Enquirer: 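One structure follows; several queries about it will come next.
Keep in mind that this is a model prediction, so the values were computed, not measured.
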Amino acid sequence: MAREPKVVIIGAGMSGIAIAVTLKKAGFHDFTVLEKGSRVGGVWHWNTYPGLTCDVPSLLYRYTFAGKPDWSHFFAKGPDIQRYHEDVAREHDVTGHIRLNTEVTGARFENERWHVETAGGDRFEADFLVAATGILHHPRVPDIPGMADFDGPLFHTARWDHRVDPRGKRVAVIGTGSTGVQLTTALQPIAKQFSLFQRTAQWVIPAPTRLPQPAALTALLRQAPWLNQAIFDASLRASRVLTDITLAPGPARTLAQAYARASLRLIRDRRLRAKLTPDYEPFCKRQVVSGEFHRAVQRKNVSVVTEEIERIVPEGIRTADGTVHEFDVIALATGFQAHNYMRPMRLTGRDGTTIDEAWENGTFAYRMTAIPGFPNFFTVLGPNSPIGSVHLQYTAEHTGRYIVSFLRRFRRGELTTAEVTETATKEFNEQVRTAIGPTVWNTGCQSWYLDDSGTVDLWPFDRKTLTRMLREPDPEHYTVTV
Ligand code: NAP
């Protein structure tokens, strides 16, 4: 008997919008997107810190189905990207499916359906549940003693307090990842004194991250959408260089690492250069890209503090050598709990198994999206997703098409539930383990790519393999009920 699948998608960030549009394009209209934020956009909604820029070129940082001719810069700013997501949701007619300010607190699989609860007490039922809940979502707030004692404002960068005006102030930023580096370049010119607290030095490679997109190019791309598409297609093919660099040693990695090492020469003062020189391989952590960091960090009003932070005191930060560094503002650029995925939501699958029980020994999924014991449930950019190596929108859209294959079979009455087998999942995870071996992420550094057990939680294959693995569900890998 033919029936329409009812779908709940959790999250209206980049991947949630990708899934919603993919479903719509495939002719599935009975879906609701539940978003805890007050706007769509995910990380681009939550992150509003000064200097927020995407370090992926804008003509590439887009959905495959939605080109944008009029980026303000070659590396777009946060608000521009946030607007893009709102525009795409509206133009592809999915805004009406999205419920904002609706946080999912729990979901339980019972009687062959998902029962979803929200913080506001609303209940939803669905045949399929999709968690597009993002990766860099839950701020990692460090446990530094005395944080409540500080006299001034102290906040995480993903919850930037815009009531605070950093101009002419003494500002501290703790953390030297992509966020800390972008903040350095944005705040150094306006702060009276800027201090970057560095626990581990980062490789930073220069790129023209502040270059505006010329008006003539915008006009041309407006007139010739085919050109925009051709640039995108060519950039997507060229982005293969990232998998070449990261997956195995070879000429691409050697060259890229040489560029990173050479970039350190931009730091003229030897003592500062020594401080900023990492003791691990370039590209082992998420590579930081910035066209201005090397200049900004050498300015007179900047200090890089490498002494261990002992505690926060009312005046500022006391380091292990006993120095009290006085500040008006402290920002924590300390990253995210990247392996939470949909948690702390209470997700309960078949036979009452919770996601915490299933992931007791570490997060895993089959091909980033399916988990044994959780029928009709899919993650988008779930465990082992290709953060920093394969185009993320492409990955999310392909995951969407993979999910659509199940919806089609449901509609045709060929299945009521589908659950990935333990055997297929173990086999996939074994392939991942083997392929992670020669990756650059596995060359001995601490990073948010590693889970609590020290295992690299990334996609160790190229885009071709990703496309193949998500092309069609393998019937032998799923148990279905009709
Ligand atoms: P991150 O890369 O995880 O960096 C966190 C930083 O905080 C690290 O330097 C870390 O030091 C430091 N830290 C953490 N706890 C600390 C503590 N207790 N004391 C002192 N230092 C501490 O976080 P992020 O910079 O927010 O970036 C996260 C990811 O977001 C990026 O890797 C990137 O994927 C994404 N992002 C992208 C863009 C973009 O332009 N596309 C911009 C911003 C962020 P250790 O290295 O020693 O751990």
Side-chain angles (χ1 to χ4, degrees), residues 12-15 17-18 21 37-92 95 134 136 157-158 160 162 165-167 177-191 204-236 238-239 287-296 333 388 391-394 396:
M14 183 279 281
S15 55
I17 295 172
V21 175
S38 58
R39 294 170 79 183
V40 305
V43 288
W44 302 106
H45 160 67
W46 293 103
N47 285 275
T48 58
Y49 61 80
L52 173 63
T53 307
C54 184
D55 57 14
V56 177
S58 318
L59 291 172
L60 184 61
Y61 192 85
R62 49 160 267 202
Y63 296 106
T64 65
F65 55 80
K68 176 174 161 69
D70 54 352
W71 294 107
S72 65
H73 290 75
F74 280 113
F75 292 85
K77 307 269 170 227
D80 221 9
I81 303 174
Q82 168 63 14
R83 259 194 310 281
Y84 170 70
H85 286 96
E86 288 172 342
D87 291 347
V88 169
R90 197 182 50 256
E91 285 160 17
H92 288 78
T95 308
L136 303 170
T157 53
W160 194 267
H162 288 278
D165 182 357
R167 276 176 298 188
S178 303
T179 306
V181 164
Q182 290 186 353
L183 274 168
T184 305
T185 64
L187 297 182
Q188 172 276 319
I190 58 172
V204 182
I205 55 172
T209 41
R210 290 232 174 126
L211 199 63
Q213 179 170 308
L217 178 61
T218 301
L220 182 63
L221 295 178
R222 274 209 179 102
Q223 274 175 13
W226 63 267
L227 179 61
N228 199 353
Q229 191 58 36
I231 293 173
F232 174 74
D233 293 342
S235 311
L236 194 57
S239 66
Q287 185 55 49
V288 180
V289 177
S290 173
E292 301 84 31
F293 177 72
H294 299 92
R295 178 197 54 76
H391 193 259
L392 285 183
Q393 289 86 346
Y394 179 95

Enquirer: What are the two closest heavy atoms between Val88 and Ala66, and how far apart are they?
Expert: CG2-CB, 3.9 Å
Enquirer: Hey, could you give me the CD1/CG distance between Ile190 and Asp165, rounded to the nearest 0.5 Å?
Expert: 7.0 Å
Enquirer: If the condition is ring-ring contact (aromatic ring centres under 6.0 Å, His included), which residues does Phe74 pass it with, not counting sequence neighbours?
Expert: none
Enquirer: Can you find a heavy atom in the side chain of Pro69 that is under 4.5 Å from one in the side chain of Gln223?
Expert: no
Enquirer: Got a donor-acceptor contact below 3.5 angstrom from the Thr209 side chain to the Asp55 backbone?
Expert: no
Enquirer: First locate atom NZ of Lys68, then atom CG of Asn228, and finally report the distance between them rounded to the nearest 0.5 Å.
Expert: 10.5 Å
Enquirer: I'd like to know if the side chain of Thr179 reaches the main chain of Gly177, judged simply by a donor and an acceptor atom lying under 3.5 Å from each other, with no hydrogens or angles considered.
Expert: no
Enquirer: Nearest heavy-atom pair of Ala396 and Met14: which atoms, and what distance?
Expert: CB-SD, 4.4 Å
Enquirer: Compare all side-chain heavy atoms of Leu59 with those of Leu221 and state whether any distance is below 4.5 angstrom.
Expert: yes
Enquirer: Does Arg295 CZ have over 12 foreign heavy atoms under 6.0 Å away?
Expert: yes
Enquirer: Residues in ring-ring contact (aromatic ring centres under 6.0 Å, His included) with Tyr61, at least two apart?
Expert: Trp44
Enquirer: Considering only heavy atoms from C-beta outward, does the side chain of Ile17 approach that of Tyr63 to under 4.5 Å?
Expert: yes
Enquirer: His294: which residues meet the ring-ring contact (aromatic ring centres under 6.0 Å, His included) condition with it, sequence neighbours left out?
Expert: none
Enquirer: Is the shortest side-chain heavy-atom distance between Thr218 and Trp71 below 4.5 Å?
Expert: no
Enquirer: Could you check, using the six-membered ring where one of them is a Trp, whether His92 and Phe65 have ring centers closer than 6.0 angstrom?
Expert: yes
Enquirer: Measure across Leu236 and Ser239 and return the closest heavy-atom pair with its distance rounded to 0.1 Å.
Expert: O-OG, 2.6 Å
Enquirer: What is the distance from atom CG of Leu392 to atom OG of Ser15, rounded to the nearest 0.5 Å?
Expert: 9.0 Å
Enquirer: Kindly write out the residues that satisfy side chain to side chain donor-acceptor pair (under 3.5 Å) with Asp80, not counting sequence neighbours, or none if the list is empty.
Expert: Ser72, Arg83
Enquirer: Sequence neighbours left out, what passes side chain to side chain contact (heavy atoms under 4.5 Å, CB included) with Thr185? Give chain and number order.
Expert: Arg210, Ser290, Glu292, Phe293, Ala296
Enquirer: Keeping His391 on the side-chain end and Thr64 on the backbone end, is there a donor-acceptor pair under 3.5 Å?
Expert: no
Enquirer: Please report the interatomic distance OG1(Thr157) to CG(Leu52), rounded to the nearest 0.5 Å.
Expert: 9.5 Å
Enquirer: Sequence neighbours left out, what passes ring-ring contact (aromatic ring centres under 6.0 Å, His included) with Phe75? Give chain and number order.
Expert: none
